[in-house]
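Down below is the structure, laid out as structure tokens.
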Amino acid sequence: MDQHLSEQEILRRDKLKELISLGINPYPANEFKINASALDIKENYERDKLNYKDISIAGRILTVRDMGKACFAQIQDASGRIQIYVRRDDISPGEDKSLFDHVWKKLIDIGDIIGIKGFVFTTKTGEISIHVTQLQLLSKSLKPLPIVKTDDSGQSFDEVNDPEFRFRQRYVDLIINPQIRDTFRKRTQIIQSIRNYLNNAGLLEVETPILQSIPGGATARPFVTHHNALNIPLYLRIANELYLKRLIVGGFDGVYEFAKDFRNEGMDRTHNPEFTVLEFYVAYKDYNWMMSFAEQMIEKTVIDLYGNTEVKVGENTIDFKAPFKRVTMYDAIKEYTGIDISNMNETELRETCKSLNIHTEASMGKGKLIDEIFGAKCEGNYMQPTFIIDYPIEMSPLTKKHRAAKGLVERFELMINGKEIANAYSELNDPLDQRERFEEQLKLQERGDDEAMFIDHDFLRALEYGMPPTAGIGIGIDRLTMLLTNNASIQEVLFFPQMRPEKTLSEA
RNA sequence: GAUUCCGUAGCUCAGCCGGUAGAGCAUUACACUUUUAAUGUAAGGGUCCUGGGUUCGAAUCCCAGCGGGAUCACCA
């Protein structure tokens, strides 16, 4: 590969060669035994000094302050950063000072990973540090690492904040912007809290197909791929709903899956082509039960994360204390427009949209028009967690008809910070009704709606065997994480958000 | 998809009316045995995103493309 190397890269390769010629393996194979972490030392040294007289720790060098016959450096391990003190006569006690003068000072760079042994002490200026007695290079770094410095007041200098750099080279982002690691630890913690909650409630974690011959369970454009041996097209799933409901038919009373779903649609700060959705289904329950269950689960997740129910998101403080407010969609629209649409037909709804300056299309049916009004006038107002309940039937082909109100279904969405976080309903388990709903979708498809659902005949067959009444929900894990970590962009909560391929790299 | 802003050293950024590029950090060399963005002195480092055009001359002006961000539309 013909690489264009910078001055600093050439220099580091030269250093690598010299290390090898000195008999130092820059990438040793041996295990380096560690008995402490940066965080452990900082938290426990002061009250347990005897236990930190002989420690072994490894990490990446981030800064070096050279004082002549001694150096201060900062290393970073998984737990954080700690200062090390390297003195010439301690790591090179004999006549031969080359380990300090040459190897440490000339051949080891910022970005290298080293293992050290030594003892913990507190410097004159009060910083807990490691006095190094032995030092081993564990991995030589060939690329210069951007240096982000922070002063006492917390102000940082040369912070790498170019999103392209950070997302394409997330590994560098994670090294130099340690607060980024925190977001991802929280993401994992959120998922763990939810998993524990669902396990404690007796639900079974399952896995269902990602490659599907009929992409179902949502209205969205799928990615298509091809299976060579079967010679058939396969789709990456847009949802796992229909498979989880098949498992309810099969006799599991509660199932859940943290699912990677894929949608071949636009990308922006709340959409990535692959994303994570938690879906779960519980037999013999309805959407009222699901609201209580979900709000308690989310409240518990927030408490696990922060110790209380309040989270600061942008300018707002959101309180996740259950129970959440419940508002019907008609009441929401009445509240924010003053208009009662509950008895309107399609023409009247279209007129209402016009009077509210909402753009409509001829293809929009009654349900879609209502949804447009809600989206334009109401959605953004719900900062605190609020269940919007009872949706028009046209938008909800997998949802059971409302037990009391005609033209509505038993569905709710959870709105937080003006955005939808969860979508749930009493699942439609009447196979004949479900078949009619699919056929309605087919008509939409024939009218040119490329997002309308396909008819899944096997799913209908499953329903014909009988599915218990079931409550189901889907929760956007990426968006929940964005909320709970106060990030406005989905790219900030995905390690590797989708990017266009880097031309310069592939052609190099 | 539409609009708009941005792309200069490893990183963060200057660069005016068009005259062949600068700073800080990083790097290299020297000094310094408890420093805190360590400091001081000196040095090296550039496909100014790519390709065209205008011009005696383009990082700068114009056009097209590539990449990224933001806003809007659609969606979760």
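Side-chain contact annotation: A/Asn272 with A/Gln498, donor-acceptor N/O pair under 3.5 Å absent. Side-chain contact of A/Arg187 with A/Thr481: a donor-acceptor pair under 3.5 Å is absent, judged by distance alone. Side-chain polar atoms of A/Arg60 and A/Gln74 form no donor-acceptor pair below 3.5 angstrom. Under the 3.5 Å distance criterion, with hydrogens and angles disregarded, no donor-acceptor pair is assigned to the side chains of A/Asp90 and A/Tyr85.
Residues from residues 384-391 of chain A placing a heavy atom under 4.0 Å of any atom in RNA chain B do not occur. Residues of residues 480-495 of chain A that place a heavy atom closer than 4.0 Å to RNA chain B, in numerical order, are A/Gln491. Contacts of residues 158-166 of chain A with RNA chain B (heavy atom under 4.0 Å): A/Asp158, A/Glu159, A/Val160, A/Asn161, A/Asp162, A/Pro163, A/Glu164, A/Phe165.
With sequence neighbours left out, A/Ser193 forms a side chain to side chain donor-acceptor pair (under 3.5 Å) with A/Asp304. Shown here are the salt bridge (Lys or Arg N to Asp or Glu O under 4.0 Å) partners of A/Lys15, two or more places apart in sequence or in another chain: A/Asp109. Taking the salt bridge (Lys or Arg N to Asp or Glu O under 4.0 Å) definition, one finds that A/Arg195 meets it with A/Glu205, sequence neighbours left out. The salt bridge (Lys or Arg N to Asp or Glu O under 4.0 Å) search around A/Lys354 returns none, not counting sequence neighbours. Partners of A/Lys325 by salt bridge (Lys or Arg N to Asp or Glu O under 4.0 Å), not counting sequence neighbours: none found.
Legend: side-chain hydrogen bond (donor to acceptor under 3.5 Å, both in side chains) pairs involving residues 371-383 of chain A, not counting sequence neighbours: none detected. Every pair passing salt bridge (charged side-chain N to carboxylate O under 4.0 Å, His left out) that includes a residue from residues 272-282 of chain A is listed here, sequence neighbours excluded: A/Lys260-A/Glu274. Sorted by first and then second residue, the salt bridge (charged side-chain N to carboxylate O under 4.0 Å, His left out) pairs with a member in residues 262-273 of chain A form an empty list; sequence neighbours excluded.
Comparing B/G44 with B/A23, their C1' atoms sit 16 Å apart, to the nearest whole Å. One P atom belongs to B/C13, the other to B/C32, and the distance between them is 37 Å to the nearest Å. Taking atom P on both B/C16 and B/U20, the two are 12 Å apart, rounded to the nearest angstrom.
The aromatic rings of A/Phe184 and A/Phe495 lie parallel to each other, with less than 30° between the two planes, well short of the 60° mark.
Here A/Arg269 lies in heavy-atom contact (under 4.0 Å) with sugar-phosphate atoms only.
Put simply, CG on A/Asn357 is 16 Å from C1' on B/C72, counting in whole angstrom units. For A/Arg81 and B/A37, the CZ to C1' distance is 12 Å, given to the nearest whole Å. Across the protein-nucleic acid pair, A/Ile108 atom CD1 and B/A26 atom P stand 18 Å apart, rounded to whole Å.
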key: Contact pattern, 5' to 3', of nucleotides 27-34 of chain B - B, S or - by protein heavy atom under 4.0 Å   = SSSS-BBB
